[in-house]
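For reference, the structure is listed below as structure tokens.
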Protein chains: 2
Amino acid sequence: MAEIEKNTCCDDGHTHMAADVVQRFPKEETLYNLAELFKVFGDATRIKILYALFESEMCVCDIACLLGMTQSAISHQLRVLKQSRLVKFRREGKSVIYSLADSHVSTMLGQGMEHIQE
Amino acid sequence: MAEIEKNTCCDDGHTHMAADVVQRFPKEETLYNLAELFKVFGDATRIKILYALFESEMCVCDIACLLGMTQSAISHQLRVLKQSRLVKFRREGKSVIYSLADSHVSTMLGQGMEHIQE
DNA sequence: TAAACATATGAACAAATGCTCATATGTTTA
DNA sequence: TAAACATATGAGCATTTGTTCATATGTTTA
């Protein structure tokens with residue numbers, strides 16, 4: 001974030017920005033983490049996985065089958081979803097059953113859906 | 001999306017998936033568009049721009065100054081935000097003033113924030 | 001315990017992405 | 001109208017990303 005005590009970019013001193021905008025601006029790290037979270041949603045495969053799990057919990061194999069993709073590709077993406085704590089999982093015999101981690105996930109999917117359907 | 005009348009991936013016939021999951025699965029195009037939308041949120045620079053505009057409408061120059069980035073970089077990103085209809089703009093003299101397009105944007109930012117702060 | 005099954009993961013590669021630099025377009029002012 | 005200012009954009013480049021392929025890890029069953 002930059003220092004803007006003195007306008008050096010718009011050096012004629014004009015600015016449409018209120019003075020306190022800079023103060024209450026979130027921390028660099030917070031915004032970076034927020035972007036990283038959205039990035040996880042920003043892939044068609046991962047969105048499909050999340051939507052599938054929204055309908056019903058499933059094992060890796062079932063997801064791969066439903067989406068018509070390889071087990072490896074799905075597993076790699078589930079890893080990303082796990083790291084962002086968007087999905088949780090439990091082992092059940094040979095299978096690992098995945099499901100959505102919390103309600104934020106479906107809320108975000110819902111808000112996104114609303115936006116694109118206007 | 002794949003056909004799963006007969007389980008060929010989990011060929012022992014096991015599946016934890018309810019039969020109607022496939023039917024009510026959203027269209028390929030819809031999920032692709034949804035992912036594209038989230039992708040726009042999935043970049044730190046664009047998130048910063050959106051957050052800045054959440055605080056106050058601003059011209060390109062002000063955003064660049066606030067974020068400590070070049071005018072060109074900001075302008076390129078505003079183009080992306082425009083295309084996704086996340087920001088709107090009006091010309092005012094030499095400047096172009098940008099602002100958030102609608103309430104979905106702040107709602108999505110808010111939900112994301114909630115998730116990362118747990 | 002060996003074989004079969006289910007999932008995870010590392011390396012490699014092609015495609016997508018974000019920034020910089022140079023320059024074009026559009027607006028105001030001297 | 002020329003110069004200054006504000007913004008937009010194309011090309012190039014380095015980085016990131018998603019998939020595939022091969023293989024490792026973990027679990028069940030014969």
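Just so it is clear, the structure is predicted and the values come from calculations on it, not from any experiment. Each chain gets a letter, A, B and so on, in the order its sequence line appears, and its residues count up from 1.
At whole-Å resolution of the value, CD in A/Glu36 and C1' in D/dT17 are 12 Å apart. Spacing between atom CG of B/Leu67 and atom P of C/dC19 amounts to 10 Å, rounded to whole angstrom units. Atom CD1 in A/Ile74 sits about 14 Å away from atom C1' in C/dA6, given to the nearest Å. Atoms CG (B/Asp62) and P (D/dC5) sit 16 Å apart, rounded to a whole Å. Whole-Å rounding puts the B/Ile97 CD1 to D/dA6 P distance at 11 Å. What separates CG of A/Leu78 from P of C/dT7 is a distance of 10 Å, to the nearest Å. Counting to the nearest Å, the P atom of D/dT9 and the CD atom of B/Gln77 are 13 Å from each other. Taking atom CD1 of residue A/Ile63 and atom C1' of nucleotide C/dT7, one finds them 11 Å apart after rounding to whole Å.
Evaluation of the side chain to side chain contact (heavy atoms under 4.5 Å, CB included) rule for A/Gln77 yields A/Asp43, A/Thr45, A/Arg46, A/Ile49, A/Val80 as partners, not counting sequence neighbours.
Contact annotation: the side chain of B/Leu34 never approaches that of A/Phe41 to less than 4.5 Å [non-hydrogen atoms, C-beta and beyond]. Using a 4.5 Å cut-off on side-chain heavy atoms (C-beta onward), A/Phe25 and B/Leu66 make contact.
Of all heavy-atom pairs between B/Met58 and B/Ala52, the closest is CE-O, 3.5 Å.
Put simply, B/His76 does not rest on the base of C/dC19: the two rings are not both less than 5.5 Å apart at their centres and under 30° in tilt.
The side chain of B/Arg79 has D/dT9 as its nearest neighbour among D/dT7, D/dG18, D/dT9. Of the candidate nucleotides C/dA8, D/dT19, D/dG18, C/dA8 has the atom lying nearest to any side-chain atom of A/Val96. With D/dT7, D/dT17, D/dT20 as the candidates, the nucleotide lying closest to the side chain of A/Lys39 is D/dT17. Distance from the side chain of A/Met69 is smallest to D/dT19 among C/dG18, D/dT19, D/dT7.
A donor-acceptor contact shorter than 3.5 Å is absent between the side chain of A/His115 and the backbone of B/Leu86. Checked by atom type and distance alone, the side chain of A/Lys82 never pairs as donor or acceptor with a backbone atom of A/Lys88 at under 3.5 Å. Within the 3.5 Å criterion, the main-chain N or O of B/Gly93 finds a donor-acceptor partner in the side chain of B/Arg91.
Here the CE-CZ distance, from B/Met108 to A/Phe38, works out to 5.0 Å after rounding to the nearest 0.5 Å.
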Summarise how protein sits on nucleotides 22-30 of chain C as a single string, 5' to 3': B when a protein heavy atom is under 4.0 Å from the base, S for sugar-phosphate-only contact, - for no contact. B----BS--
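Contact between the side-chain N/O atoms of A/Tyr98 and the OP1/OP2 oxygens of C/dA6 is not found at any separation under 4.0 Å. For the pair A/Thr70 and D/dT19, the criterion of a side-chain N or O lying under 4.0 Å from OP1 or OP2 is not met.
Scanning DNA chain D for stems, defined as runs of 3 or more consecutive Watson-Crick or G-U wobble pairs whose donor-acceptor distances all fall under 3.5 Å, gives the following ranges: C:1-30 with D:1-30.
Between A/Tyr51 and A/Phe54, the ring planes lie perpendicular to each other; the angle is over 60°, past the 30° to 60° tilted range.
Among the protein residues, B/Phe89 comes within range of no part of the nucleic acid, since none of its heavy atoms lies under 4.0 Å from any strand.
Within a 6.0 Å radius of CD in B/Glu29, no more than 12 heavy atoms belonging to other residues, nucleotides or ligands are found.
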